[in-house]
Amino acid sequence: MASEPTLDQNTYFASVQVPVAVADCLRDAAAMYAETDKAEPLLWQAQGLAPECLAVYFALYKFYFYKGRLEDAERVTRLGLETAAHLGGIDADWSRLSLASGTDWQRHDSPQHFYLFTLKALAFIRLRQGERAESLAILDKLAELDPSDSVGASVIRALADRSTETQRSKQS
């Protein structure tokens, strides 16, 4: 049986194989970004074609985030976390993860690294939704799992810290 043609895609979180049909959907959705009613179905078509293709979840949660649809972005981010956990053989519940699990969190081409990258996105989404405590708990877990900050969670931590400072100055 011949394998499906794929394209190598380099992303912030991994170098991944993306089926050509999925890459076409993602490219077309990006080209139609301003037309939500056309772009959104293409993204979900890509997800239907390759439900384990992590690049699709990245595209979906970014799409929803930039459209200001934070609940949808959160939902897709959590789906991406579940998929990455399944592919990486790790617990889907971020609060139960630790360095002691023996997982190689630093391998950039792994589902585990995508998990960290997507967990950072969830922390940012939750911060934007006003769920600061959950955001900080996620950021604490990221600091534990990724002490070298390879996914850049420190940027979200700085935003969270600034929002705290802003709140304090407003209360003074």
Side-chain angles (χ1 to χ4, degrees), residues 1-97 101 103-131 134-135 138 141-142 145-146 150-153 155-156:
M1 180 169 142
S3 63
E4 184 174 355
T6 61
L7 296 174
D8 285 329
Q9 298 260 307
N10 288 316
T11 63
Y12 294 112
F13 52 83
S15 175
V16 295
Q17 294 282 312
V18 177
V20 171
V22 171
D24 289 345
C25 287
L26 295 177
R27 184 195 62 243
D28 292 347
M32 296 180 193
Y33 173 80
E35 300 174 73
T36 302
D37 61 325
K38 292 180 181 175
E40 185 176 15
L42 285 168
L43 292 169
W44 284 107
Q45 180 181 347
Q47 193 275 338
L49 290 169
E52 293 189 342
C53 182
L54 299 176
V56 173
Y57 295 99
F58 176 76
L60 272 163
Y61 71 68
K62 287 292 205 177
F63 175 81
Y64 286 130
F65 182 84
Y66 288 123
K67 292 287 183 178
R69 293 170 55 182
L70 296 180
E71 287 181 15
D72 289 327
E74 178 190 353
R75 179 175 51 86
V76 171
T77 300
R78 292 186 189 277
L79 286 173
L81 289 170
E82 288 174 19
T83 303
H86 169 73
L87 293 173
I90 58 174
D91 196 319
D93 181 349
W94 60 265
S95 68
R96 293 193 298 242
L97 297 171
S101 69
T103 300
D104 182 0
W105 296 104
Q106 299 305 305
R107 215 179 99 213
H108 291 258
D109 63 344
S110 69
Q112 298 88 328
H113 202 260
F114 177 84
Y115 188 96
L116 294 177
F117 193 83
T118 303
L119 195 57
K120 176 186 86 166
L122 181 60
F124 187 49
I125 291 165
R126 297 305 283 157
L127 183 63
R128 292 287 303 267
Q129 290 173 319
E131 298 296 334
E134 182 181 4
S135 178
I138 292 168
K141 182 56 72 171
L142 281 165
L145 298 175
D146 184 23
S150 66
V151 298
V155 174
I156 308 305

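Side chains are part of it too, since the values below use all heavy atoms of this structure and drop only hydrogens, waters and symmetry mates.
Screening Glu134, Glu74, Glu71 for a side-chain hydrogen bond (donor to acceptor under 3.5 Å, both in side chains) with Gln129, the sole residue that qualifies is Glu74.
Atoms OG1 and CH2, from Thr118 and Trp94 in turn, are 14.5 Å apart once rounded to the nearest 0.5 Å. Between Leu81 atom CG and His86 atom NE2 the span is 14.5 Å, to the nearest 0.5 Å. Rounding to the nearest 0.5 Å places CG of Leu142 at 11.5 Å from CZ of Phe117. Residue Leu116 holds its CG atom at 9.5 Å from OG1 of Thr103, rounded to the nearest 0.5 Å. Rounded to the nearest 0.5 Å, atoms CD1 (Ile90) and OG (Ser110) are 8.5 Å apart. Glu131 contributes atom CD, which lies 10.0 Å from atom CD1 of Ile138 (distance to the nearest 0.5 angstrom).
Using a 4.5 Å cut-off on side-chain heavy atoms (C-beta onward), Thr83 and Pro51 make no contact.
Taking 4.0 Å as the cut-off between side-chain N and carboxylate O, Arg107 and Asp104 do not count as a salt-bridged pair. Under the 4.0 Å criterion applied to side-chain N and carboxylate O atoms, Glu82 and Arg78 are not assigned as salt-bridge partners.
At least one donor-acceptor pair closer than 3.5 Å links the side chain of Lys141 to the backbone N or O of Leu97. Without hydrogens or angle criteria, Tyr61 side chain to Val56 main chain gives no donor-acceptor distance under 3.5 Å. A donor-acceptor contact shorter than 3.5 Å is absent between the side chain of Asp146 and the backbone of Gln106. Checked by atom type and distance alone, the side chain of Lys38 never pairs as donor or acceptor with a backbone atom of Met32 at under 3.5 Å. Remark: side-chain polar atoms of Ser135 are paired, donor with acceptor, to backbone N or O of Ala123 under 3.5 angstrom.
Ring to ring, Tyr57 and Phe114 are not that close: their centroids are 6.0 angstrom or more apart. Taking the six-membered ring for Trp and the full ring otherwise, the centers of Tyr33 and Tyr66 sit at least 6.0 Å from each other.
Lys67 and Thr36 share a donor-acceptor pair across their side chains, judged by distance under 3.5 Å alone. Residues Glu40 and Tyr64 have side chains that bring a donor and an acceptor to within less than 3.5 angstrom of each other. Donor-acceptor pairing under 3.5 Å is recorded for the side chains of Ser150 and His113.
Closest heavy-atom contact between Pro19 and Cys53: CD-SG, 4.5 Å. In terms of heavy atoms, Ala59 sits closest to Leu43 at CB-CD2, 4.0 Å. The minimum heavy-atom distance between Leu54 and Gly80, with the atom names listed, is CD2-O, 4.4 Å. In plain terms, the two heavy atoms of Tyr115 and Ala92 that are nearest each other are OH-O, 2.8 Å. Contact detail for Ala23 and Val18: the closest heavy-atom pair is N-CG1, 3.7 Å.
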Practice task
Evaluate the criterion side-chain contact (heavy atoms from CB on, under 4.5 Å) for residue pair Phe58 and Leu26; output intermediate values, then yes/no.
Solution key: CA-CA 11 Å; Phe58 176 76; Leu26 295 177; over 6 Å; no
